[in-house]
Amino acid sequence: MFELGPEYKEIVAEAKAVADRVAPLAVVADSSSELHPEILEALRESRLSEYVVPAEFGGRSHQVDPVAVCVIREQLMPASSAMDSLFALQGIGSYAITCGGSKEQRERWLPAVGRAEALAALALTEPGVGSDLRGMATTLTEEGESIRVRGAKSFISNAGIASFYTVLAKEGSAFSAVLVPADSGIQVSALPDLIAPHVIADVNFDVVLPSAARLGRPGEGMDLIQATLAVFRVSVAGAAVGLAQAALNEAVRHTRTREQFGKPLIRQGAVAQMMAESWAEIEMARLLTYRAAFQAREHGLEALHYSSMAKFAATEVASRVVDRAVQVMGRFGLVSGSPIERYYRQARPMRIYEGATEVLKASVARRLELIVP
Ligand SMILES: Cc1cc2nc3c(=O)[nH]c(=O)nc-3n(C[C@H](O)[C@H](O)[C@H](O)COP(=O)(O)OP(=O)(O)OC[C@H]3O[C@@H](n4cnc5c(N)ncnc54)[C@H](O)[C@@H]3O)c2cc1C
């Protein structure tokens with residue numbers, strides 16, 4: 001319960017080696033909204049994307065294992081958020097194919113996703129719709145043997161570099177999912193730069209596709225998105241724990257060597273308190289994250305409240321830890337281009353995407369209401 005088993009320790013070591021390889025690229029790759037070619041090459045060579053597809057299609061385990069994805073992201077995120085995001089999106093964008101795709105769709109896309117030759121994206125958010133997806137305006141309509149997908153999706157990670165988009169659209173009063181290949185006539189438009197740059201853009205769809213482009217049955221779209229979250233939401237917590245640990249390590253390295261008032265900063269009352277508090281919070285977040293990942297592996301959607309809990313807890317911890325690290329590093333924590341500055345910017349969006357903290361807390365509280373006798 002309190003230690004990862006040997007099979008996961010091997011995965012951690014594998015991911016750590018990849019993280020060490022890409023870390024020198026991070027200053028450039030993590031400050032750009034364009035794909036860094038060496039990051040993609042490193043992902044391909046690492047074969048880490050094999051962890052996000054089932055063994056039948058070239059994956060490493062029978063089913064995609066949330067624990068493996070989580071511990072990989074814990075290693076990748078502090079090394080390079082560009083690498084972390086590229087890895088994670090391979091799973092987030094393709095899991096609806098794993099769960100709801102036809103034999104042809106799975107055979108066509110999943111092995112290529114596992115080799116990182118096809119890049120994946122998931123398109124849910126719209127200009128007017130974020131947390132409350134039920135208000136979405138993108139539509140899917142049947143036109144004879146074809147289907148037509150019309151609408152605008154916004155803030156879509158990997159937009160412009162993805163080979164395909166898993167799109168959620170309204171079909172009558174229900175929601176359906178569809179696989180839209182990048183070469184089907186979509187329009188990608190750039191976004192303003194984010195505080196933590198990222199390959200991300202808006203996408204407009206008005207495309208006619210064969211009915212076989214559907215993912216799952218009509219009306220099954222929300223279920224496929226839920227299935228995706230059941231596996232991948234907890235992995236954001238894994239990334240947050242990795243980021244928080246790296247920030248604490250930076251702060252320790254600085255404060256144990258810098259002296260003020262005749263002794264190292266780390267031995268000054270308030271600084272020591274902050275460091276100890278950060279360490280304890282990281283340990284708590286890591287334990288909850290691993291527990292939630294194991295719950296996700298064993299119980300899937302039934303355990304989504306654990307993933308939600310871990311996601312908001314770990315991302316909030318990451319923000320607090322990074323903020324304290326900047327504080328104890330004084331002016332040296334404010335240097336642009338330094339690792340701590342990168343962590344400071346990168347921690348922030350994690351509390352908003354894949355479920356904002358407040359939205360997740362509301363869903364966890366609803367669950368609590370149900371389970372307490
Ligand atoms: C870096 C990044 C990458 C992204 N990648 C993708 C992607 O690949 N695909 C995709 O589809 N989307 C993506 N998004 C969009 C992301 O999913 C949305 O930003 C998120 O769902 C929140 O929606 P919103 O930003 O519209 O905030 P809103 O829904 O407008 O909410 C704003 C704030 O209001 C509060 N709030 C909202 N609802 C409630 C509530 N019920 N109770 C209490 N408080 C509430 C929260 O504090 C929330 O942060 C990405 C976003 C970012 C920043």
Side-chain angles (χ1 to χ4, degrees), residues 29-35 52 73 77 80-96 119-138 149 151-170 175 177-180 182 186 188-205 215 221-222 224-226 228-229 232-233 235-236 239-240 243 308 311-312 315-316 318-319 342-343 345-367:
D30 293 10
S31 59
S32 170
S33 47
E34 284 174 18
L35 176 65
V52 300
R73 294 194 66 185
M77 180 68 187
S80 162
S81 63
M83 182 66 169
D84 171 66
S85 150
L86 203 59
F87 164 73
L89 282 160
Q90 288 300 87
I92 293 167
S94 72
Y95 199 67
L119 299 182
L122 177 65
L124 310 176
T125 306
E126 300 185 354
V129 168
S131 304
D132 183 11
L133 288 176
R134 292 188 178 274
M136 74 172 46
T138 299
V149 186
K153 296 288 183 182
S154 188
F155 269 66
I156 306 307
S157 300
N158 273 0
I161 62 166
S163 316
F164 66 88
Y165 298 77
T166 294
V167 179
L168 188 67
K170 197 138 202 200
F175 296 89
V178 56
L179 191 158
V180 179
I186 61 170
V188 176
S189 49
L191 279 171
D193 277 345
L194 302 186
I195 59 165
H198 184 83
V199 181
I200 192 165
D202 285 354
V203 193
N204 282 299
F205 299 90
L215 288 168
M222 235 11 136
L224 294 176
I225 301 309
Q226 290 283 94
T228 300
L229 294 176
F232 290 95
R233 176 172 281 160
S235 74
V236 183
L243 191 81
S308 301
K311 197 268 179 184
F312 76 68
T315 56
E316 295 290 331
S319 269
R342 220 164 6 100
Y343 304 149
R345 289 186 288 100
Q346 289 168 350
R348 196 62 191 84
M350 301 181 97
R351 290 157 58 196
I352 294 176
Y353 60 66
E354 279 198 53
T357 292
E358 297 72 24
V359 176
L360 296 183
K361 283 182 177 170
S363 71
V364 168
R366 282 196 296 276
R367 182 72 178 218

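All ligand and atom numbering here is 1-based and tracks the order in the structure. Computed over heavy atoms, backbone and side chain alike; hydrogens, waters and symmetry mates excluded.
- Between S235 and R73, the shortest heavy-atom contact is OG-NH1, 2.9 Å.
- With hydrogens and angles ignored, the 3.5 Å screen pairs no side-chain donor or acceptor of S32 with any backbone N or O of A29.
- Selection from F155, Y353, Y165 by nearest heavy atom to atom 1 (C) of ligand 1 gives Y353.
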Query raised in the report: Do D30 and S80 pass the side-chain hydrogen bond (donor to acceptor under 3.5 Å, both in side chains) test, and can you show the C-alpha distance, the side-chain angles, and the key distance before you say yes or no?
Result: CA-CA 6 Å; D30 293 10; S80 162; 2.8 Å; yes
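- A pairwise comparison of heavy atoms in Q346 and S81 identifies NE2-OG, 2.9 Å as the closest pair.
- Residue I156 has at least one heavy-atom neighbour below 4.0 Å for each of these atoms of ligand 1: 7 (C), 8 (O), 9 (N), 10 (C), 11 (O).
- A cation-pi contact, defined as under 6.0 Å to the ring centre and within 45° of the axis, is absent between K153 and F205.
- Distance check on atom 28 (P) of ligand 1: some protein heavy atom falls below the 4.0 Å cut-off.
- Among all heavy-atom pairs drawn from F155 and D202, the shortest one is N-OD1, 3.0 Å.
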Query raised in the report: When you look at Q90 and L119, which way does the side chain to side chain contact (heavy atoms under 4.5 Å, CB included) test go after all the steps?
Result: CA-CA 6 Å; Q90 288 300 87; L119 299 182; 3.6 Å; yes
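- Annotation for ligand 1: atoms under 4.0 Å from non-hydrogen atoms of G130 are 21 (O), 23 (O), 24 (P), 26 (O), 29 (O).
- Among protein heavy atoms, the minimum distance from atom 43 (C) of ligand 1 is reached at E358 CB, 3.6 Å.
- For ligand 1 and L124, the ligand atoms under 4.0 Å from any heavy atom of the residue are 10 (C), 11 (O).
- Ranking protein heavy atoms by distance to atom 25 (O) of ligand 1, first place goes to I352 CG2, 4.2 Å.
- Distance check for atom 33 (C) of ligand 1: every protein heavy atom is found at 4.0 Å or beyond.
- Looking only at heavy atoms of the protein, atom 15 (C) of ligand 1 is closest to T125 OG1, 3.2 Å.
- Under a 4.0 Å criterion applied to the non-hydrogen atoms of A356, ligand 1 contributes the atoms 46 (C), 48 (C), 49 (O).
- Counting heavy atoms closer than 4.0 Å to ligand 1, residue L122 contributes backbone atoms (N, CA, C, O) but none from C-beta onward.
- Ligand-side atoms of ligand 1 in range of I200: 2 (C), 3 (C), 4 (C), range being under 4.0 angstrom from any heavy atom.
- In plain terms, the two heavy atoms of M136 and F175 that are nearest each other are CG-CE2, 3.7 Å.
- Distances from atom 3 (C) of ligand 1 to the heavy atoms of P127, G128, A123, S157 show the closest one on S157.
- For atom 31 (O) of ligand 1, the closest non-hydrogen atom on the protein side is S131 OG, 3.6 Å.
- When hydrogens are left out, the protein atom nearest atom 45 (C) of ligand 1 is V359 CG2, 3.9 Å; that is the closest non-hydrogen contact.
- The shortest non-hydrogen separation linking G355 to K311 is O-NZ, 2.8 Å.
- Counting only distance, with no hydrogens or angles, the side chain of E126 and the backbone of A137 share a donor-acceptor pair below 3.5 Å.
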